Structure formats: C-alpha cells, structure tokens
Amino acid sequence: MTAGPLTTDWEKARAAARAVPSLPPVARDLADALGHALAEPLTALTDLPPFDTSAMDGWAVAGPGPWRLRDGGVLAGGQPEPLPPGTAVAIATGARLPEGADAVLRREDGADEAGSGLLLDRSACPGPPAPGRDIRPRGQECRADDPLLPAGTSVTPTVLGLAAAAGYDRLTVHRRPRVDLLVLGDELLATGLPRDGRIRDALGPLLPAWLSGQGADVVGRPLLPDGFGPLYEAVRDSTADVVVTTGSTAAGPVDFLHDALRAVGARLLVDSVAVRPGHPMLLAELPPGADGRARHLVGLPGNPLAAVVGAVTLAVPLLRSLGGHVDAGPLDAVCAAALPGHPRDTRLLPVRRTGRAVAPLPFGGPAMLRGLALADGLAVVPPGGAEAGAVVEILDVPRP
C-alpha cells in the first residue's frame with residue numbers, strides 16, 4: 001500500500017471523500033431513473049399546460065351571458081369544436097378549452113333557466129366572468145425550452161412526474177455506483193439469539209438499504225470470517241466501484257484490512273478521523289477497474305453506531321459525489337439543551353428534533369443503536385461540546 005495523505009480532521013475527511021469525479025452519464029427510461037442524479041439540466045420539451053385548459057368543472061363560455069347551451073360536453077383528452085359568441089358548453093376540469101371561449105363558469109355558479117337551454121350566471125360577481133377566469137393558460141407553468149431543474153438534481157418520484165409532464169421518456173443521468181459490502185467478524189451471527197460469546201450482525205441488515213438510499217447499487221454483501229486470506233481475496237476480486245467493509249480498521253490481533261490494502265496495491269487517502277465514535281475509519285483508492293476508473297474502499301469500524309458515523313463521514317459523501325448528486329447545504333438546528341462533546345474530537349450524537357431545536361438522546365455509545373433508532377439526525381458536536389442555544393449541523397439518518 002503506497003503512502004498517501006493522512007487526514008484526521010472530520011471536515012477534511014469528508015472533503016476527501018467528496019473529491020472524486022462523477023461516474024459517466026447513461027440514458028435511463030423514466031421507470032429506471034429513480035435515485036439517479038441528472039447528468040444534464042432538465043429543460044421543458046413542451047409548454048405546460050400544452051394548451052388552455054379548464055381549471056374547474058362547469059361551462060366554457062364565449063362572450064357575455066346568458067349563453068345558449070350547446071349539446072354534449074368537453075372531457076379531458078377531447079378535441080372540442082369552436083365555440084361561437086353567446087354560447088356555452090359543459091366542460092370538465094383539465095379539458096382543453098374550445099376555441100372562442102374566454103372564461104369558465106363554475107358549475108355551482110351556473111343554472112339552466114327552467115330547461116330553456118339558456119345558461120345563466122348565478123354567481124355573486126356582477127357582470128360577465130372576467131376573461132381568463134378559471135382557465136389554466138397555455139405555458140402557465142413553463143414554456144418549451146425553459147430550464148426546469150439543474151444537473152445534479154436527485155431523481156425523486158416528483159422529478160419523474162415533472163419529466164413525464166414535460167415530455168420525457170428517458171433521462172440522461174449519472175450511473176449509480178456499484179457497492180460490495182463486506183461484513184467482517186467471526187463473532188457475528190446471521191440469525192437467532194446471541195449465544196456462545198457471539199452476537200447478531202446488525203450492520204448487514206442496516207447498511208444495504210441506507211447505501212441504496214444514498215444512490216448506490218449494493219451488488220454483494222457477504223459475511224466474511226476474520227482472516228487475511230478471505231478479506232484480501234474479496235477486495236482483490238471485487239469489480240464494484242466502492243468496497244465498504246465493517247470492522248478490521250484498527251490494529252487488533254484480527255484486524256487485517258491494512259494488510260489487505262497493502263497487498264492489493266491500494267493508496268491510503270484517510271486513515272483514522274478525529275471523530276467519536278468511529279475514529280478508526282479509513283478511505284483508500286483501489287487499483288483501477290477494467291474501464292480505467294479509480295475504485296475506492298471505505299473501511300468502517302465494527303461497532304454499529306461507530307460504523308454509522310463512518311458511513312456519514314466517508315461513505316455517504318463518496319457515493320453522492322460518484323453518483324453526481326448536488327445536495328443542499330448543511331441543515332442547522334439550535335440546541336435545546338447542552339450537547340456533550342469529546343475533549344479533542346468532533347462528536348456525532350443522536351438527537352431528537354422539536355421544531356428547530358434538538359436535544360440529545362441516551363444510548364449513544366459506539367456499540368449502541370437504540371438512540372439512533374429514535375433519532376431525527378446526528379448532531380455534529382464540536383470538541384468540548386455545545387451549549388444550550390448554540391447552532392449545530394444536523395446530518396440525516398436513514399428513513400424509510
């Protein structure tokens with residue numbers, strides 16, 4: 001393993017994880033683009049609405065009333081006949097406005113005078129409906145070629161809906177990074193109750209969904225025994241863009257990650273971060289893949305909350321950058337109570353939110369997940385702690 005710049009400051013470690021180029025653009029059908037990031041700006045391919053439409057159920061009217069009612073009606077998706085002055089036709093919400101109509105009279109405001117075929121305006125507003133009343137004019141939301149969303153926007157269900165409305169069948173997005181998750185430890189059980197000195201694996205169930213939610217495709221997640229050989233072979237043989245490991249990041253008797261990285265010719269970028277819990281985390285650049293692009297490994301500590309801290313410090317920024325996501329700036333909150341810190345290092349502390357204020361939760365030890373399961377976020381507590389009334393950054397935690 002060749003020597004690289006060692007980063008211990010928490011902010012610098014996150015910056016190092018972000019400093020990777022995005023993966024190449026690919027074209028995806030709308031149904032397959034969810035969770036990707038736009039590789040180019042989204043511009044409207046059509047006016048929205050594409051034609052004048054009715055904003056209400058009622059009657060399209062032409063000129064001042066009373067209006068002679070025309071037979072039939074106009075439904076959404078129909079192509080209406082022109083409407084001469086002094087006439088009206090029933091119309092549904094979202095239906096195309098007939099040529100010649102200048103307003104819509106709401107259903108509750110109109111009445112057919114004793115079945116005479118004349119439509120009368122019974123609204124409290126004096127005079128004829130104002131031109132354009134209850135009409136959604138063509139191009140009200142946007143015109144063709146208007147910019148809608150910038151490159152780097154994460155494709156959410158709402159973005160898919162907007163893209164479809166704007167005329168898209170496919171989107172150009174960044175490829176999602178492929179992740180191999182390697183959970184290490186002879187002491188871990190995949191099922192059942194803890195027994196015989198062994199404990200349940202909590203990170204195997206926790207991390208895949210979280211990493212997927214950050215824009216990754218988790219393609220492998222084996223549970224590996226402790227030992228140099230299995231770890232070395234798994235890292236050597238991986239073709240993923242990112243390998244994420246849990247455990248083996250320190251210098252204990254069964255911690256072989258540094259040896260495995262040295263054996264595969266990796267370049268260490270971050271080795272231990274000044275953050276609690278989770279300081280023995282690391283980021284390494286692996287030898288390039290078949291496409292010539294650099295690959296990376298994120299080593300997370302084995303304790304569950306420490307691993308989560310490592311994930312938000314290194315794995316999440318790395319995956320978001322690889323996937324081309326341009327995320328919003330930091331989310332800040334006011335401390336409703338003092339947040340305890342570490343004397344020298346940044347601390348990430350599970351907190352609950354009430355309005356803009358946050359308060360600490362118990363059960364925030366490195367091996368605990370009880371506090372995190374109740375948390376609305378992780379507060380970034382500076383060395384020495386944060387007093388009540390101070391403003392701190394809040395990091396997201398996994399949500400369904």
Side-chain angles (χ1 to χ4, degrees), residues 1-23 177-185 203 207 210-211 214-222 224 226-252 254-275 277-303 306-323:
M1 178 171 54
T2 58
L6 303 185
T7 307
T8 56
D9 177 80
W10 183 75
E11 287 286 2
K12 289 182 179 178
R14 297 190 84 205
R18 291 192 193 100
V20 296
S22 301
L23 294 170
R178 298 169 68 251
V179 172
D180 274 338
L181 173 63
L182 310 179
V183 180
L184 313 177
L203 295 175
L207 287 173
W210 193 0
L211 299 177
Q214 297 301 322
D217 287 331
V218 180
V219 294
R221 45 180 173 179
L224 295 182
D226 289 320
F228 170 80
L231 178 57
Y232 164 71
E233 291 171 2
V235 174
R236 180 197 63 191
D237 297 340
S238 173
T239 59
D241 301 295
V242 179
V243 177
V244 176
T245 63
T246 69
S248 198
T249 55
V254 292
D255 292 336
F256 298 106
L257 183 56
H258 286 83
D259 293 338
L261 290 174
R262 189 176 299 109
V264 300
R267 184 168 72 95
L268 198 61
L269 303 176
V270 174
D271 190 12
S272 186
V273 178
V275 66
H279 68 282
M281 63 181 77
L282 62 83
L283 172 65
E285 184 178 282
L286 298 173
D291 59 359
R293 294 184 59 85
R295 300 179 305 118
H296 293 83
L297 181 142
V298 176
L300 306 178
N303 279 325
V308 167
V309 169
V312 299
T313 301
L314 296 177
V316 171
L318 177 71
L319 293 173
R320 302 299 283 176
S321 293
L322 285 171

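Just so we're clear, the structure is a prediction, and the values are computed from it rather than from any experiment.
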Original post:
Taking L184 as the fixed residue, which of L300, D255, L231 is the one that meets the side chain to side chain contact (heavy atoms under 4.5 Å, CB included) rule?
Top reply: L231
Original post:
Under 6.0 Å from the CZ atom of R18, do we count more than 12 heavy atoms belonging to anything else shown?
Top reply: yes
**OP:** Measure the CG-CG distance between L314 and L282 for me, rounded to the nearest 0.5 Å.
**Re:** 8.0 Å
**OP:** Using atom types as modelled and distance alone, determine if a side-chain donor or acceptor of R221 lies under 3.5 Å from a backbone N or O of L207.
**Re:** no
Subject >> Side-chain donor or acceptor of S22 paired with backbone N/O of S321 under 3.5 Å >> reply: yes
Original post:
Atom OG1 in T246, atom CG in N303: separation rounded to 0.5 Å?
Top reply: 10.5 Å
Subject >> Minimum heavy-atom distance between H296 and L286, given as atom pair plus value >> reply: O-CD1, 3.8 Å
Original post:
When rounded to the nearest 0.5 angstrom, what distance separates CG in L261 from CG in D271?
Top reply: 9.0 Å
Original post:
For the side chain of T249 and the backbone of P280, is there at least one donor-acceptor N/O pair under 3.5 Å apart?
Top reply: yes
**OP:** Taking the side chain as every heavy atom from C-beta outward, state whether E285 and V20 have any pair of such atoms under 4.5 Å apart.
**Re:** no
Original post:
Taking the side chain as C-beta and beyond, is there a heavy-atom pair between L297 and V264 under 4.5 Å?
Top reply: no
Original post:
Just by modelled atom types, is the P317 backbone N or O under 3.5 Å from a matching donor or acceptor in the R14 side chain?
Top reply: no
Original post:
Where do G302 and L203 come nearest, in terms of heavy atoms and distance?
Top reply: O-CD1, 3.6 Å
**OP:** May I ask you to test the R295-S238 pair for a side-chain heavy-atom distance under 4.5 Å?
**Re:** yes
**OP:** With the side chain counted from C-beta on, respond yes when V270 and T313 share a heavy-atom pair under 4.5 Å apart, and no when they do not.
**Re:** no
Original post:
In Å and rounded to the nearest 0.5 Å, what is the CG to OH distance from L257 to Y232?
Top reply: 14.0 Å
Original post:
So, D241 side chain and R178 main chain: donor-acceptor pair closer than 3.5 Å or not?
Top reply: yes
Subject >> Verdict with reasoning, V235 to L182, per side-chain contact (heavy atoms from CB on, under 4.5 Å) >> reply: CA-CA 9 Å; V235 174; L182 310 179; 4.2 Å; yes
Subject >> Non-hydrogen side-chain atoms of V218 and V244 separated by less than 4.5 Å >> reply: no
Original post:
Which heavy-atom pair separates A311 from W210 by the least distance, and what is that distance?
Top reply: CB-CZ3, 4.4 Å
**OP:** Could you pull out the closest heavy-atom pair between W10 and V273, with the gap in Å?
**Re:** CA-CG1, 3.7 Å
Subject >> L224 versus P230, closest heavy-atom pair with distance >> reply: CD1-O, 4.1 Å
Subject >> Non-hydrogen side-chain atoms of V298 and L283 separated by less than 4.5 Å >> reply: yes
Original post:
Backbone N or O of F256 within a donor-acceptor pair of the S248 side chain at under 3.5 Å?
Top reply: yes
